[in-house]
Amino acid sequence: MKGIGYQNQQQALAQLSDMTGDISAIDEHEYRQRIAKAQAFMQENGIDALYLNAGTNMTYFTGLKWYASERLVGALLPAQGELAFVAPFFEIGSLRDYQVIDADIHGWQEEQNPYALIAEVLKGMGCGDDAVLGIDESAQFFIADGITKAAPQLTLVNAGEVTAHCRMHKSTHELTLIQRAMDMTLEVHKATASMLHEGITTTEVEAFINAAHKKVGASGNYFCIVLFGQATSFPHGVKDPQTLKQGDMVLIDTGCQLHGYLSDITRTYIFGEASARQQQFWQYEKNAQLKAFAAAQVGNTCGDVDKAARNYLSAQSLGPDYQLPGCPHRTGHGIGLDIHEWPYLVKDNPQVLAEHMCFSNEPMLVVPGEFGIRLEDHFYTTAEGPKWFTEPAHSIDNPFGL
């Protein structure tokens, strides 16, 4: 006979349903718009071509999803003209099945030098011996090293200048995808809170969250951190599972993926009755989050946002800077196809906020040996001010205002 915990989980799952039916993926037209934007920037900044390695940069500009490995798979995007792919011959059939933009795929056999092939394809694109080639900032070192040895006349630069310029400004379609992914994960959070009981383990909660993400239409958890009690004071967890007991802080940080775009929400709340100290620090955390949000105005810098949260915490005798008890890390990160991407809300970052940038807002508080509190919601910037993807937590003992 199944126990009460199992029944609670089944009841919580029964309240969830697929939330993805009316959401479409990025289409070829938008990929071509991205390519055009990158090419215009490259022309303005003296970059003749980009090498985009398998991973999110290649996906962002071409729609082709592939994994990075020891075998070079990538795309070459010239400042003018059509892009082309470079890949092992035996993968070409599979790659064509994943292509969104129809483009040539130049193949190399296992014993051949793919870096020499890159140099050859670049010449076919009209890039001269002295061309400037931007290398995907996420590419493994051996790729840049191989290109340097095969074509030492090329000037290699970091392509992050181009990729960040394009990816940090989200389109309306991207915002829609991120919004729905966030909505899905927030419903998973609510369901999770409803089925917690004394004696449940963090491992059991992680399994429930995975099942819940599937129920709302995701493939499962993109990631999941579940912490109870003192373990919440370790921002990214501990190696051993915990068992829930009365008076424990509960920290759950999870997200899913929708058509490549990610959610990432953290809730911290009490199981049972909160102490005055737990309540006080929880409110400090929420206030710091709201201070950061208020500072996230177009024209301010990423550093200004971090400073607003950190100044508030310092005024409560927390910190200063990254000292504990206080906030041990930056206030937030960008999000999109990667869980952490440009720009970053970190001290002294001079990046100016512009419309349609997306950020996490999570100036976590850590009290060593006691507990940690992270409230993480995301927002995007508009000319009228920042807009939440998800409303912040309500209170320590009623996080969802239910």
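For clarity, every value in this text was computed on a predicted model and none was experimentally measured. All values below come from the heavy atoms of this structure, side chains included, with hydrogens, waters and symmetry mates left out.
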Under a 3.5 Å cutoff, is there a donor and acceptor pairing between the side chains of [X] and [Y]?
{"X": "E30", "Y": "S171", "result": "yes"}
{"X": "H29", "Y": "Q33", "result": "yes"}
{"X": "T192", "Y": "R267", "result": "no"}
{"X": "D304", "Y": "T301", "result": "yes"}
{"X": "E206", "Y": "N221", "result": "no"}
{"X": "E137", "Y": "T163", "result": "yes"}
{"X": "T185", "Y": "H213", "result": "yes"}

Over 60° means perpendicular and under 30° means parallel, so tell me whether [X] and [Y] are parallel, tilted or perpendicular.
{"X": "H165", "Y": "F41", "result": "parallel"}
{"X": "F379", "Y": "W388", "result": "perpendicular"}
{"X": "Y269", "Y": "F400", "result": "perpendicular"}

- Task: Using a strict 4.0 Å threshold on nitrogen-to-oxygen distance, state whether E187 and K190 make a salt bridge.
- Result: yes
- Output yes when R71 and E91 qualify as a salt bridge under the 4.0 Å nitrogen-oxygen rule, no when they do not. no
- Message: Just verifying a value: how many Å separate L318 CG and Y312 OH, rounded to the nearest 0.5 Å?
- Response: 8.0 Å
- Please report the closest heavy-atom contact between L156 and T148, naming both atoms and the distance. CD2-OG1, 3.4 Å
